[in-house]
Protein chains: 2
Amino acid sequence: MIRVAGDDGERTDAARNRRLLLDAAAEIVAACGPDKLTTDAVARRAGVGKGTVYRRFGNRAGLLHALADEAGRSFQAAFMAGPPPLGPGAPPLDRLIAFGEASIGRMRLDGQILRAAEQRGGPDLEHPTQQLTRLHLSMLLREIGVQDPELAAYQLAAFLNAGLLLHLQENRGMTNARLTASWSVLVTALATTGRR
Amino acid sequence: MIRVAGDDGERTDAARNRRLLLDAAAEIVAACGPDKLTTDAVARRAGVGKGTVYRRFGNRAGLLHALADEAGRSFQAAFMAGPPPLGPGAPPLDRLIAFGEASIGRMRLDGQILRAAEQRGGPDLEHPTQQLTRLHLSMLLREIGVQDPELAAYQLAAFLNAGLLLHLQENRGMTNARLTASWSVLVTALATTGRR
DNA sequence: GAATAAAGCGGACCGCGGTCCGCTTGTACT
DNA sequence: AGTACAAGCGGACCGCGGTCCGCTTTATTC
């Protein structure tokens, strides 16, 4: 088995079908919203069988996650390697505040998909994207000197959950300014008092 | 229409069926766990039609919620009218800490049902029980003088979410002591720095 | 107790997520 | 090119949540 550039162990037809499915899914979501995305419809539109959806993505949520990740890749790049205060270079507390602000602002655009990707029992806590978010948060929290940064990262991530933020924005009419302010208060409080 | 004691507008047969269904559900959960509870099975066991389940409880999650509420009634009583520090009489920060500790400890017993009652997109944020929790939290936060107590209550409640806590306990092996400690740090930080 | 309206009831039915398994296709080796 | 085999594929199939609608029971009025 010889592997070539861009190959991650996938057969060429499999890779092609992954793209077909992702594109089909993106079109359906754009047209009807994530709630209307059925695995049948996306398979039909992609011109493949339904089994292929599950082979590639595990389940419906996996497909949505893959979609959300494509949309969120630039966000990841921004907080990992972009300009401060979101990216490296700024003090950790500033980066935390910027991260929350960016996460909240992002909801208007990608929130629907992110929420749809969460399945019963809240977000997939062990999904790579979630892990990356928490890793980032815990790194910043550790720099600040917060006790138990891993667990604190879970706490903070729980509030940045798409389902919650969208609910607050849409059903409770909370402005992004208010959400951001409350986030700032929380992380500032942790940074000031929650030291080791 | 003459109403008698205990009557909340339900016809007698309806009330009887509600009890039959709740009892049947409790039995199934006790025997097989909440994941095995199907609406068909509970209807069959209660000796009623499936439509009745939906007439009484709206959906599967509603049934689980009703079940969880029965189990959690004593907890509600404890933090609303029980002895301090959980109940009234203690300083608000102490009550907050006690509330988190009690919520965390409660998971071992009722966590399964509480998690099962949460549906896609996290917990039912507007369910009366959730509202009561947040009302309690926001009251204590307001006493302390925290900015925007309503929103802070959402933040704190997000961390006390059953799905998250159970995940941390079961899949990440976190002890209740560690969870409680982190909760204390968080609320103490808010109380110290997050003032208006 | 007869009439009547409303509330309740039940189970057939539907759509969707997810599985399964026999068939096909791509890949590596000769 | 030929062969062998793993990987991929597709769509029939299943179980469950949720809806719908014609029938039954209950409560009220006269």
Side-chain angles (χ1 to χ4, degrees), chain A residues 1-22 24-25 28-29 32-67 115-121 124, chain B residues 1-22 24-25 28-29 32-67 115-121 124:
Chain A
M1 183 78 83
I2 295 166
R3 292 300 171 193
V4 292
D7 192 338
D8 46 350
E10 227 170 28
R11 238 164 64 170
T12 57
D13 55 341
R16 191 200 64 221
N17 282 341
R18 150 170 287 133
R19 267 263 57 88
L20 284 173
L21 284 166
L22 280 174
I28 292 176
V29 167
C32 316
D35 294 347
K36 295 291 181 190
L37 184 123
T38 70
T39 53
D40 263 324
V42 69
R44 211 171 331 114
R45 177 161 201 130
V48 302
K50 194 163 137 178
T52 305
V53 178
Y54 287 89
R55 171 168 300 277
R56 289 274 78 77
F57 299 101
N59 54 29
R60 197 187 101 108
L63 176 58
L64 266 321
H65 260 303
L67 221 50
R115 174 168 57 181
E118 296 166 2
Q119 46 187 353
R120 121 122 199 267
D124 296 318
Chain B
M1 182 78 85
I2 295 167
R3 294 301 174 191
V4 293
D7 192 336
D8 45 352
E10 228 169 28
R11 238 164 63 171
T12 58
D13 54 342
R16 191 200 64 221
N17 283 342
R18 149 170 287 133
R19 265 265 56 87
L20 284 173
L21 283 166
L22 280 173
I28 292 176
V29 167
C32 315
D35 294 346
K36 294 291 180 190
L37 184 122
T38 68
T39 53
D40 263 324
V42 69
R44 210 169 335 115
R45 178 161 200 129
V48 303
K50 196 164 136 179
T52 306
V53 179
Y54 287 90
R55 171 167 300 278
R56 288 274 79 76
F57 298 101
N59 54 28
R60 198 187 100 109
L63 176 58
L64 266 321
H65 261 304
L67 222 49
R115 175 169 57 182
E118 296 166 3
Q119 46 187 354
R120 123 119 199 269
D124 296 317

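Note on naming: letters A, B, ... go to the chains in the order of the sequence lines (proteins, then strands), and numbering restarts at 1 for each one.
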Chemist: Could you state the atom-to-atom distance from CZ of A:Arg16 to C1' of D:dC9 in whole Å?
Modeler: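 Interatomic distance, CZ of A:Arg16 to C1' of D:dC9: 11 Å.
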Chemist: Provide a list of protein-nucleic acid N or O atom pairs under 3.5 angstrom, restricted to nucleotides 22-24 of chain D.
Modeler:
none

Chemist: What is the distance from CG of A:Asp13 to C1' of D:dA7, rounded to the nearest Å?
Modeler: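 In whole Å, D:dA7 C1' lies 8 Å from A:Asp13 CG.
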Chemist: Which of these nucleotides, C:dT27, C:dG17, D:dG8, is closest to any side-chain atom of A:Ala14?
Modeler: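 The answer is D:dG8, which lies nearest to the side chain.
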Chemist: In whole angstrom, give the distance that lies between atom CG of A:Leu63 and atom P of C:dC16.
Modeler: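 Rounded to whole Å, this separation is 15 Å.
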Chemist: Taking the six-membered ring of B:Phe57, is NZ or CZ of B:Arg18 closer than 6.0 Å to its centre and within 45° of its axis?
Modeler: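 Yes, cation above the ring, under 6.0 Å and within 45°.
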Chemist: Select one nucleotide: of C:dC9, D:dT26, D:dG17, the one nearest the side-chain heavy atoms of B:Arg56.
Modeler: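 Shortest atom-to-atom distance from the side chain points to C:dC9.
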Chemist: Which distance, rounded to the nearest 0.5 Å, do you find between the CG of A:Leu21 and the CG of A:Leu63?
Modeler: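 CG of A:Leu63 is found 7.0 Å from CG of A:Leu21.
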Chemist: What is the distance from atom CZ of B:Arg115 to atom CG of B:Asp35, rounded to the nearest 0.5 Å?
Modeler: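 B:Arg115 atom CZ to B:Asp35 atom CG measures 7.0 Å (nearest 0.5 Å).
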Chemist: State which of C:dG18, C:dG8, D:dC9 makes the closest approach to the side chain of A:Thr52.
Modeler: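 Closest nucleotide to the A:Thr52 side chain: D:dC9.
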Chemist: If you check every side-chain atom of B:Thr12, which of C:dC16, D:dG17, D:dA27 has the closest atom?
Modeler: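 Between C:dC16, D:dG17, D:dA27, the one nearest the side chain of B:Thr12 would be D:dA27.
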Chemist: Verify the contact: side-chain N or O of B:Thr39 to OP1 or OP2 of D:dC16, cut-off strictly under 4.0 Å; return yes or no.
Modeler: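 So the side-chain polar atoms of B:Thr39 never come under 4.0 Å of the phosphate oxygens OP1 or OP2 of D:dC16.
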Chemist: Could you state the CG-C1' distance from A:Leu21 to D:dG10, rounded to the nearest angstrom?
Modeler: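 That distance rounds to 12 Å.
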Chemist: Measure the distance from CZ on A:Arg60 to C1' on C:dG17 and round it to the nearest whole Å.
Modeler: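 Going from CZ in A:Arg60 over to C1' in C:dG17 covers 9 Å.
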Chemist: Counting the atoms with a prime plus P, OP1 and OP2 as sugar-phosphate, which does B:Val53 contact under 4.0 Å by heavy atoms, base, sugar-phosphate, or nothing?
Modeler: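 If one applies the 4.0 Å heavy-atom cut-off, B:Val53 turns out to touch nothing in the nucleic acid.
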Chemist: Write down the distance between CG (B:Leu20) and C1' (C:dG10), rounded to a whole number of angstrom.
Modeler: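 One finds 15 Å between C1' of C:dG10 and CG of B:Leu20, rounded.
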Chemist: Need to verify one output field. Residue with the more 5' nearest nucleotide on DNA chain D, B:Thr38 or A:Gly49?
Modeler: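 Mapping each residue to its closest nucleotide by heavy atoms, the 5'-most match is A:Gly49.
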Chemist: How close or far is atom P of C:dG10 from atom CG of B:Asp40, stated in whole angstroms?
Modeler: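 Between P of C:dG10 and CG of B:Asp40: 13 Å.
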Chemist: Taking atom CG of B:Leu37 and atom CZ of B:Arg45, what is their separation to the nearest 0.5 Å?
Modeler: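 Atom-to-atom, B:Leu37:CG and B:Arg45:CZ are 10.5 Å apart.
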Chemist: Within this structure, what is the CZ-to-C1' distance between A:Phe57 and C:dG18, rounded to whole angstrom?
Modeler: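 Atom-to-atom, A:Phe57 to C:dG18, this comes out as 16 Å.
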Chemist: Please examine the side chains of B:Leu64 and B:Arg60, heavy atoms only from C-beta on, and report whether any two atoms are closer than 4.5 Å.
Modeler: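 Touching, per the 4.5 Å side-chain cut-off.
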Chemist: Nearest to the side chain of A:Lys50, which nucleotide is it out of D:dG18, D:dG8, D:dC13?
Modeler: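 Nearest listed nucleotide: D:dC13.
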Chemist: D:dG8 phosphate, OP1 or OP2: any side-chain N/O from A:Asn17 under 4.0 angstrom?
Modeler: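 A:Asn17 to D:dG8 OP1/OP2: no side-chain N or O under 4.0 Å.
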Chemist: To the nearest 0.5 Å, tell me how far A:His65 NE2 sits from A:Asp124 CG.
Modeler: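 If we round to the nearest 0.5 Å, A:His65:NE2 and A:Asp124:CG are 4.0 Å apart.
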Chemist: Distance check, rounded to the nearest 0.5 Å: B:Lys50 atom NZ versus B:Thr52 atom OG1?
Modeler: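 With rounding to 0.5 Å, NZ (B:Lys50) is 12.0 Å from OG1 (B:Thr52).
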